[in-house]
Amino acid sequence: MTVVRYERRGPVAVVTMNRPEYRNAQNSAMTYALDEAFYRAAADDGVKVVVLAGEGPHFSAGHDIGTPGRDAHVSFERRAGLWWDHVGKQGAESRFARESEVYLGMCRRWRELPKPMIAMVQGACVAGGLMLAWVCDLIVASDDAFFADPVVRMGVPGVEYFAHPWMMPPRIARELLYTGDRMSARRAYEVGAVNRVVPREELRAQTFALAERIAAMPRLGLALTKKAVNQAEDAQGMHAGMDAVFGLHHLAHAHNAETSADALAGMDPRSMKAAAGAAPGGAEDDGGSGSGSTEAATDGS
């Protein structure tokens, strides 16, 4: 079973993450398959808009740290940057090289895809899932969707693609990070983090209707407009800010490796979920109530 599906709906390319049994946990195989799908959509003159979706009940509950398909030890052909292969390297050198490629580097390049991208989000959009939604130009969320970045519980200042202060007001970003709590789709809409909230049963129809409406615009006009908005965000410090936070992210991992069980401060999906359950009101969990191998899928860091 392919971890990413690609299909055409007229002028709309649909890229679907396809690991529903693990809530679309993002291993490297999925990351590189997404990269291939986005290249394909960019090169296809018949594609005007790209929709990014997740198969099953959840969009994505984060990065893979525990499924049978976890492949952080595997080499892939590097495409996002010039850092050397992380495999065979030690400590911070290995982690920095890998995450510069598959997390920060990939997401930055996908943000620059010169065609509008729409994230179609249902269920969990947690940590690494946020990164995928945030590289898209628009987010349409179902009314049961929720958003969270709980990795401060690991002592890490948010995910690698640190777009939080540009996706929502800084005070709201602080609350999201400081608490690790879920943000409902409705709240995300209120603070401007998503464009539309629709009933779950209407999510696909309304997302594709929006995509087709956008696809009626001139391709070059869309590409230049997207570039203009991206340039405005970068002029507001988004690119430089991400570089600074990426360094802090890896300082935290290195500190954890020196002072605790591992670079994740000994946390795993079960302990993250337990910490969330101990918070007032239940707080955020890892994206589902499954058990066994599905529970050991994601952490978002």
Side-chain angles (χ1 to χ4, degrees), residues 4-18 24 26 30-31 33-60 106-126 128-147 161 163 166-168 183 185-186 188-189 191-230 232-233:
V4 171
R5 295 199 311 269
Y6 182 96
E7 59 182 311
R8 278 277 305 276
R9 290 173 54 106
V12 180
V14 186
V15 177
T16 304
M17 295 176 282
N18 193 33
N24 295 316
Q26 302 162 38
M30 175 182 281
T31 301
L34 285 170
D35 193 57
E36 182 179 349
F38 292 145
Y39 262 112
R40 182 176 175 182
D44 188 340
D45 284 343
V47 170
K48 301 284 289 294
V49 180
V50 180
V51 170
L52 176 61
E55 183 63 40
H58 300 288
F59 178 74
S60 177
M106 289 286 195
C107 285
R108 274 183 166 163
R109 196 177 62 222
W110 298 340
R111 173 179 175 254
E112 297 298 324
L113 194 157
K115 297 178 180 180
M117 297 174 64
I118 303 174
M120 181 168 64
V121 176
Q122 79 284 3
C125 183
V126 176
L130 289 177
M131 292 166 49
L132 297 183
W134 284 346
V135 301
C136 295
D137 302 278
L138 306 176
I139 300 174
V140 180
S142 64
D143 52 12
D144 66 345
F146 64 90
F147 304 83
Y161 184 80
W166 290 273
M167 299 298 106
M168 60 191 74
M183 176 183 288
R186 177 55 54 186
Y189 174 78
V191 301
V194 306
N195 296 86
R196 300 183 182 183
V197 179
V198 302
R200 176 66 172 265
E201 63 272 16
E202 297 178 17
L203 179 62
R204 289 183 64 84
Q206 294 210 31
T207 301
F208 289 128
L210 176 60
E212 289 163 5
R213 182 177 180 184
I214 294 170
M217 301 293 276
R219 181 177 61 183
L220 181 59
L222 290 170
L224 295 178
T225 302
K226 176 169 182 171
K227 189 171 185 66
V229 176
N230 283 357
E233 287 181 325

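Predicted model only: the values in this text are computed from it and were never measured.
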If you define the side chain from C-beta out and look only at heavy atoms, does anything of D143 sit under 4.5 Å from R200? yes
If you take all heavy atoms of M120 and A53, which pair is closest and at what distance? CE-CB, 3.5 Å
Per the salt bridge (charged side-chain N to carboxylate O under 4.0 Å, His left out) rule, what does the pair list look like for residues 34-51, sequence neighbours excluded? R8-D44, D35-R79, D35-R109, D45-R219
Set of side chain to side chain contact (heavy atoms under 4.5 Å, CB included) partners for A163, sequence neighbours left out: W134, Y161, M167, M238, M242
Identified side-chain contact (heavy atoms from CB on, under 4.5 Å) partner of V121 from the options L132, L130, I139: I139
Answer yes or no: is there a side-chain heavy-atom contact under 4.5 Å between M106 and M131? no
If you draw a 6.0 Å radius around OH in Y189, do more than 12 non-hydrogen atoms from other residues or ligands fall strictly inside? no
Out of curiosity, L224 CG to K226 NZ, how far, rounded to the nearest 0.5 Å? 12.5 Å
Could you report the tightest heavy-atom contact between F59 and A119, atom names first, then the distance? CZ-CB, 4.5 Å
dist H58:NE2 -> D144:CG (nearest 0.5 Å) comes out at 8.5 Å
Within the distance-only criterion (no hydrogens, no angle test), does the side chain of Q26 pair as donor or acceptor with the backbone N or O of G128 below 3.5 angstrom? yes
All side chain to side chain contact (heavy atoms under 4.5 Å, CB included) counterparts of L222, not counting sequence neighbours: P116, I214, M217
Salt bridge (charged side-chain N to carboxylate O under 4.0 Å, His left out) pairs, two or more places apart, involving residues 51-60: R5-E55
So which atom in A223 and which in P114 form the shortest heavy-atom distance, rounded to 0.1 Å? CB-O, 3.3 Å
Less than 4.5 Å apart, side chain to side chain, heavy atoms only: is that true for L52 and L34? yes
Is there a side-chain contact between M117 and D137 in this structure, where contact means two heavy atoms from C-beta onward sitting under 4.5 Å apart? yes
Report yes if the side chains of V191 and M183 come closer than 4.5 Å at any heavy-atom pair, otherwise no. yes
Between M17 and S60 the two heavy atoms that sit nearest each other are CE-CB, 4.1 Å
Rounded to the nearest 0.5 Å, what's the gap from CG on L210 to CD1 on I118? Could you check? 4.0 Å
When you measure from the side chain of N230 to the backbone N and O of R111, does any donor-acceptor pair fall under 3.5 Å? yes
Locate the shortest heavy-atom distance separating V51 from A211; write the atom from each residue and the value. CG2-CB, 4.1 Å
Residue set satisfying ring pair (Phe, Tyr, Trp, His ring centres under 6.0 Å) with F38, at least two apart, ordered chain then number -> W110
Side-chain donor-acceptor pair under 3.5 Å between N18 and T16, yes or no? no
Should L113 and Y39 count as side-chain neighbours, where that means a heavy-atom distance under 4.5 Å? no
Pairwise salt bridge (charged side-chain N to carboxylate O under 4.0 Å, His left out) hits with a residue in residues 201-216, at least two apart: none
Shortest non-hydrogen contact from A13 to Y6? CB-OH, 3.6 Å
